[in-house]
Asker: 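One structure coming up, written as structure tokens, with questions to follow.
Residue numbering restarts at 1 for every chain, and letters A, B, ... go by the order of the sequence lines.
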There are 2 protein chains.
Amino acid sequence: MSEDKAARGSVRTITDLARLAGVSPGTVSRALAGKSLVNAKTREKIESLAREHGFRPNQMASGLRRQKTGVIGVVIPLGHDTRQQISDSFFMTLLGHLADELTREGYDLMLRRVVPEDDADWLDRFIGSGMIDGVIVIGQSDQFERIEDVADGYLPMVVWGNHTQGQRHCVVGTDNRLGGKLAAERLIAAGATRLAFLGDTGPMEFAARFAGARDVAERLGVPIMALPTHLSPDRASAEIARHISAIDGQVDGIFAATDTLAALCLTELRARGLVVPDGVKLVGFDDLPIARQTVPPLTTVRQDIAAGARGLVQLLLRRLGGDETESLVLPPQLVIRHSA
Amino acid sequence: MSEDKAARGSVRTITDLARLAGVSPGTVSRALAGKSLVNAKTREKIESLAREHGFRPNQMASGLRRQKTGVIGVVIPLGHDTRQQISDSFFMTLLGHLADELTREGYDLMLRRVVPEDDADWLDRFIGSGMIDGVIVIGQSDQFERIEDVADGYLPMVVWGNHTQGQRHCVVGTDNRLGGKLAAERLIAAGATRLAFLGDTGPMEFAARFAGARDVAERLGVPIMALPTHLSPDRASAEIARHISAIDGQVDGIFAATDTLAALCLTELRARGLVVPDGVKLVGFDDLPIARQTVPPLTTVRQDIAAGARGLVQLLLRRLGGDETESLVLPPQLVIRHSA
DNA sequence: GCGCTATTTGCAAACGTTTGCAAAATTCCT
DNA sequence: AGGAATTTTGCAAACGTTTGCAAATAGCGC
């Protein structure tokens, strides 16, 4: 084994290595950076010495000098239910794909969860830290205006969320309104005649899903009501239970804002002896893994999370290059299983 | 609004701010760092100027000078099924808690997924990058030896995983062997007489779970077999299906390495008309959210993920302070629901 | 061997912050 | 008021890289 502990400790800086190789630090830097202006033999010598001593250039110093860090910030603004979202399997899946994409492009990922209520300055602080070359915001939460403000003066930012006409920040996301339409259409096609939307209509994405469903309902003359529900699993169960007993018999088609909510809803419906889809039809949103494991498996509106992550990263890269990119709206897809 | 765009752009460095305040950069630095050696009035002036111009000190420069970054690396080594783990809801939940804990302690989190097979140097590279003050490794995968090697020369590292007698790296994790025992005992108490372990026994955690179950089975004279299964959901389903038809009638108690596998198994069992728990008993591991949503809800062995995250962070902090901390083994807890 | 150009190298100044040390200003005591 | 003790400041040298510029070396045709 060539890199024993002694060797590993001894040569920490590019200058150490330069001394060993009998050249100047500048040359070592150039050699390691793979620049063309260094003699093939010198380069080889330097590279082998570097390997031998397990040397790696200090990224902080490099970052400082070059004014770029090779790190992309990923920030998750948490809404009112503070602890909610990170356990949400949707966000997590997106994060996983983002990590993959960024790694593939040679970037590191710095993750931050923030509570905008406690820290109005969350976005500027992150951007201004000098630690990141660009930022991906996962979810607009209730921070639309703040994000718009920042977008005016800071190019390398891309946001996962909902697109609204004329907004100034670059966003990637599913066409939630269309998704809502698909869901409502399916419920009605499956025979539902009185609809309900289960979820929190505060966040823009959810509001758009509801709006899409309402469009369809109104067009077809079907009533639809909102059943406001928090997303944190502990609160949600109780709220859903209450909703279900309240609407008893007045609703035969439920559109849940999320598969997670749909799954909980399924459990509560079963507990009250309501049969899905015979008594009540149910449609979810996201097509998370859980959707195919419920009983019955969920009919849901699929978001292509992998494509979303790819889009976020590609757009961000172009913005890092100076482009003013447009937003990217992805098409949702209805996946019919057995709950509606 | 005090920080308009002009202001935001103009004062980027501590020197700019010093000029504005009519003091030297050193004083500004001290004021912003909250040191006691600066006059109350000067400090106030500097702070208000900083606020007004939205100034934030550059973390790279600060990190370079102080030789610490305020960033903790979190690295997830991926095993053979490359894409597997990040979507695994267990890892994700742990990551969420880690993010919270680290934030609370004032650290940022840098996330890296690595494929050790492609990059033997994954751990040294991360540590040597100079970007992180310490590292948390999530899962030993098949990299036990590599981690041991590094542990000898690098203090601020804590690993999530399995504890084995006499190992040299500091680990936090559940007592998997005990967990396996609990699972097997429950299966047998529920009436099972021929057991099977469903999962991959390659990773140490899973091997220990299997070993624990085998201990019990052998002691009680009950046969137990291993049903090797990959963890990636796509492959797992098919493999489980195959296992189930292969063992038809020869097994009446299944211990799944993970709730995720257990849930898939439940689906496959149902598809083959086997009733849980009447025909086959089933016990999972982790107590993920999904465990309470399956039909029937899963009996499982609970890992306290939040406590694990807390432990990882606390131990790491002590190591950053120079302590040689011991490992932390958490007790698993049997959660009895309806699948066994 | 001599000019000439083309490659390689070294030098030194950045990048923006922190901090030991010494100088200056202030306070306190008699 | 005078000096000592104390608080507050400024100076300048780091931290480890990168890079423009100029110097040195090598290559080449004659």
Side-chain angles (χ1 to χ4, degrees), chain A residues 8-47 49-50 53-71 108 125 127-133, chain B residues 8-47 49-50 53-71 108 125 127-133:
Chain A
R8 209 200 285 162
S10 61
V11 43
R12 310 212 56 73
T13 82
I14 230 174
T15 316
D16 296 340
L17 196 59
R19 197 170 12 234
L20 270 182
V23 296
S24 79
T27 305
V28 173
S29 172
R30 282 184 275 250
L32 262 32
K35 307 238 179 189
S36 59
L37 341 76
V38 45
N39 181 294
K41 263 169 52 191
T42 344
R43 140 161 314 125
E44 205 157 311
K45 182 172 179 185
I46 293 175
E47 277 174 347
L49 275 171
H53 292 82
F55 170 80
R56 337 200 163 288
N58 182 309
Q59 301 260 78
M60 287 268 147
S62 165
L64 177 57
R65 170 64 225 234
R66 301 187 318 156
Q67 296 292 81
K68 46 165 52 190
T69 64
V71 180
D108 265 310
R125 185 200 303 293
I127 290 171
S129 72
M131 286 283 267
I132 58 176
D133 290 342
Chain B
R8 206 199 289 161
S10 61
V11 42
R12 310 211 56 70
T13 83
I14 229 174
T15 315
D16 296 340
L17 196 58
R19 196 168 13 232
L20 270 182
V23 296
S24 80
T27 305
V28 173
S29 172
R30 282 184 276 251
L32 262 33
K35 306 238 180 191
S36 58
L37 341 76
V38 44
N39 181 294
K41 262 163 63 183
T42 340
R43 142 161 315 123
E44 205 156 309
K45 182 172 179 185
I46 292 175
E47 277 174 348
L49 275 172
H53 292 83
F55 170 79
R56 337 199 163 288
N58 181 309
Q59 301 260 77
M60 286 268 145
S62 164
L64 177 58
R65 169 64 226 234
R66 300 188 318 157
Q67 297 291 83
K68 47 165 52 190
T69 63
V71 180
D108 265 312
R125 184 200 304 292
I127 290 170
S129 72
M131 286 284 267
I132 57 178
D133 291 341

Asker: Hey, is the main chain of A:Gly63 close enough, under 3.5 Å, to the side chain of A:Thr69 for a donor-acceptor pair?
Answerer: no
Asker: In whole angstroms, how far is the C1' atom of D:dT8 from the NZ atom of B:Lys45?
Answerer: 14 Å
Asker: Would you name the heavy atoms of A:Pro25 and A:Thr15 that are closest together and state the gap between them?
Answerer: CG-CG2, 4.2 Å
Asker: Could you run through nucleotides 18-26 of chain C and give me one letter per nucleotide, 5' to 3': B if any protein heavy atom sits under 4.0 Å from the base, S if only the sugar-phosphate is that close, - if neither?
Answerer: BBB------
Asker: Could you state the CZ-P distance from B:Arg56 to C:dT17, rounded to the nearest angstrom?
Answerer: 13 Å
Asker: Are side-chain heavy atoms of B:Asp16 and B:Phe55 found at a separation under 4.5 Å?
Answerer: no
Asker: B:Phe55 has an atom CZ; how far is it from atom P of C:dG16, in whole Å?
Answerer: 10 Å
Asker: Are any of the side-chain heavy atoms of B:His53 and B:Arg12 separated by less than 4.5 Å?
Answerer: no
Asker: Of the non-hydrogen atoms in A:Ala18 and A:Ser24, which two are nearest, and what is the gap between them?
Answerer: CB-C, 3.7 Å
Asker: Can you measure A:Arg19 atom CZ to D:dT17 atom C1' for me and round it to whole angstrom units?
Answerer: 15 Å
Asker: Can you tell if the side chain of A:Leu49 reaches within under 4.5 Å of the side chain of A:Val28, non-hydrogen atoms only?
Answerer: no
Asker: How long is the line joining CG of B:Asp16 and P of C:dG16, in whole Å?
Answerer: 9 Å
Asker: Of the listed nucleotides (C:dT9, D:dT9, D:dC15), which one gets closest to any side-chain atom of B:Leu64?
Answerer: D:dC15
Asker: When you measure from the side-chain N and O atoms of B:Gln67 to the phosphate of D:dG16, is any distance below 4.0 Å, counting only OP1 and OP2?
Answerer: yes
Asker: Show me, pair by pair, the donor-acceptor contacts under 3.5 angstrom made by side chains of residues 37-46 of chain A, not counting sequence neighbours?
Answerer:
from	atom 1	to	atom 2	distance (Å)
A:Asn39	OD1	A:Lys41	N	2.7
A:Thr42	OG1	A:Asn39	O	3.3
A:Arg43	NH2	A:Lys35	O	2.4

Asker: For the pair made of CE in B:Met131 and C1' in D:dT17, what is the distance, rounded to whole Å?
Answerer: 14 Å
Asker: Take the protein atom CG of B:Asn58 and the nucleotide atom C1' of D:dG16, then report the distance between them rounded to whole Å.
Answerer: 14 Å
Asker: Any chance you could measure A:Asp108, atom CG, to A:Ile132, atom CD1, to the nearest 0.5 Å?
Answerer: 12.5 Å
Asker: Counting only side-chain N and O atoms of A:Thr42, is one of them less than 4.0 Å from OP1 or OP2 of C:dT9?
Answerer: yes
Asker: Could you check B:Met131 against A:Val71 for side-chain contact (heavy atoms from CB on, under 4.5 Å), going step by step and ending with a plain yes or no?
Answerer: CA-CA 10 Å; B:Met131 286 284 267; A:Val71 180; 3.2 Å; yes
Asker: Rounded to the Å, how far apart are A:Leu37 CG and C:dT7 C1'?
Answerer: 9 Å
Asker: Reading 5' to 3' and counting Watson-Crick or G-U wobble pairs with both distances under 3.5 Å, write the dot-bracket notation for DNA chain D, | for bases paired outside the strand.
Answerer: ||||||||||||||||||||||||||||||
